[in-house]
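The first residue of the sequence shown is numbered 1, and numbering continues consecutively from there. Just so you know, these numbers use all the heavy atoms, side chains as well, and skip hydrogens, waters and symmetry mates.
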Amino acid sequence: MYRAERLKIDSIDWNTIDKFADRNVFQRPHWLAYIQDFTGGDVVVLALYDGNNLAGFFSGVIIKKFGIPILGSPFRGWMTGYMGFNLLPDASRIEAIKCVELFAFRELGCWHLEILDYGLSFEEAESMGYDFRRFETYLTDLRVSKDDIFSGMSSSCRRAYRKSVKENLVVEVAEPEGFASEYYDQVKDVFAKQDMTPTYSLERVEKLIANVHPSGDLLLARVRNPDGKSIATGIYPGFGTFCYFWGNGSWRQYQNARPNEALHLFAMHYWKDRGTDFYDWGGASSYKLKYGVTSHFVPGLKKSRSRSILFARNMAERLYYLPRRFKRQLYVKKVGVPDNVRPGGS
């Protein structure tokens, strides 16, 4: 049986943990600080041991919903991808999850636990008796050449990118000052087209940039037209094996110039040049298929100390997302899916 030891945040050797092969941007101290900043939560990093031997680490944040303490790794709505574990190759993921569950409920006093761990299989999830959702995302393999990345896209997507070149659009790395407002105005315009508002606030974007950008883990990108006007922006975190599509926006009147295809290809090249293996699209949506993606499914585990808490948590989520899903379905049925709305992920 594994045992857990909670580490003091100010004494953690982050460089050692960052050397784990399965380490990603959402487990890094800068991202954990960002979650803590906008949730008011309490960061938890656990060292996991098999006897006296280190097996790995777990990262999460404790929050409270309606007075109920929850350990999220991550929690739905944080717009945060895989967290969970960083384990040595011979460590047991099942034993690690059992260990964290016991520690969360007995030592941390939590009533509910959620884990989205990239390395967990559905067979492992089913064998443990957890409730879980099937989180689907798309991946683009960045280990191939840049020419192969481009040729793997659909012909319509390649034509759209070529149009952005003919329109003399310029994609650039943006500085953080003023970027959050610029980005958020464009996102609001995209959602307004569907008679909706963004699912997150401007303040959330500001906190993301303030906490994560200084680490080098966050690409802020901008597209300008020949007049120098910013017509599209995007946010792409990355570290280790994965980079991630967090969100992008663009002004509707300029979308025919195809800035979004230019943004995505720019982000792929940026992170490929930094040794990243995969571009994760942050969830599944039909407009992403044209980029030549492959589907990938990850189980999102959920467990409560009582079935009534789990039922209430699931019902609250359904009630929150139901109006948006209904509006989106009506919009898609009427005019199709806009090519720059990232629906969310976790």
Side-chain angles (χ1 to χ4, degrees), residues 20-28 31 56 59 72-87 89 93-94 96-97 114-128 130-146 148-154 157 217 219 234-248 260-261 263-265 267-272 274-302 321 337 339-346:
F20 276 64
D22 56 358
R23 190 77 165 155
N24 70 61
V25 62
F26 304 116
Q27 301 160 325
R28 296 254 285 162
W31 198 278
S59 303
S73 183
F75 188 73
R76 190 84 182 269
W78 289 355
M79 293 184 69
T80 292
Y82 325 106
M83 292 179 69
F85 301 92
N86 299 120
L87 298 178
R93 201 163 297 270
I94 289 179
I97 293 172
E114 298 197 6
I115 300 174
L116 183 68
D117 180 90
Y118 185 83
L120 183 68
S121 70
F122 283 95
E123 291 76 18
E124 289 171 324
E126 289 171 350
S127 72
M128 300 184 68
Y130 273 71
D131 277 29
F132 62 86
R133 63 185 177 95
R134 293 173 62 86
F135 174 68
E136 181 183 10
T137 189
Y138 296 145
L139 300 178
T140 295
D141 191 342
L142 303 184
R143 297 170 297 180
V144 301
S145 70
K146 292 179 180 179
D148 286 341
I149 292 172
F150 186 69
S151 63
M153 299 176 182
S154 70
C157 189
D217 290 352
L219 166 64
I235 299 177
Y236 309 88
F239 178 83
T241 302
F242 285 93
C243 59
Y244 197 82
F245 171 34
W246 194 84
N248 85 281
N260 298 306
E261 288 83 358
L263 262 178
H264 285 302
L265 192 60
M268 291 179 200
H269 288 179
Y270 177 93
W271 285 113
K272 175 180 172 59
R274 285 154 181 78
T276 304
D277 292 337
F278 294 98
Y279 183 86
D280 191 310
W281 287 84
S285 189
S286 58
Y287 80 87
K288 301 172 184 177
L289 294 172
K290 65 185 180 182
Y291 291 93
V293 299
T294 58
S295 291
H296 186 79
F297 294 87
V298 179
L301 302 182
K302 294 183 289 185
Y321 285 107
V337 181
D339 69 349
N340 62 334
V341 175
R342 179 194 180 279
S346 286

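Counted by atom type alone, Asp280 and Tyr82 present one or more donor-acceptor pairs between their side chains at under 3.5 Å. Glu124 and Ser121 share a donor-acceptor pair across their side chains, judged by distance under 3.5 Å alone. A donor-acceptor pair shorter than 3.5 Å can be found between the side chains of Glu136 and Ser295.
A cation-pi arrangement is found for Arg134 relative to Phe122, the charged atom lying closer than 6.0 Å to the ring centre and inside a 45° cone about the ring normal. Figure legend: cation-pi geometry between Arg274 and Tyr270, with NZ or CZ positioned under 6.0 Å from the six-membered ring centre and within 45° of its axis.
Taking the six-membered ring where the residue is Trp, the centroids of Tyr279 and Tyr138 are separated by 6.0 Å or more. In this structure, the ring of Phe242 has its center less than 6.0 angstrom from the ring center of Tyr118.
Contact record, Asp117 with Met83: OD1-O, 3.7 Å, taken as the closest heavy-atom pair. Closest approach of Ala125 to Leu120, counting heavy atoms only: CB-CD2, 4.3 Å.
Checked against Trp31 for a ring-ring contact (aromatic ring centres under 6.0 Å, His included), the options Trp78, Tyr244, Phe26 give a single hit: Phe26.
When the side-chain contact (heavy atoms from CB on, under 4.5 Å) test is applied to Thr294, the partners found at least two apart in sequence or on another chain are Leu139.
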Kindly indicate, with the supporting measurements, whether the criterion side chain to side chain contact (heavy atoms under 4.5 Å, CB included) is fulfilled by Lys146 and Met268.
CA-CA 9 Å; Lys146 292 179 180 179; Met268 291 179 200; over 6 Å; no

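Taking the six-membered ring where the residue is Trp, His264 and Trp281 present tilted rings, their angle falling between 30° and 60°.
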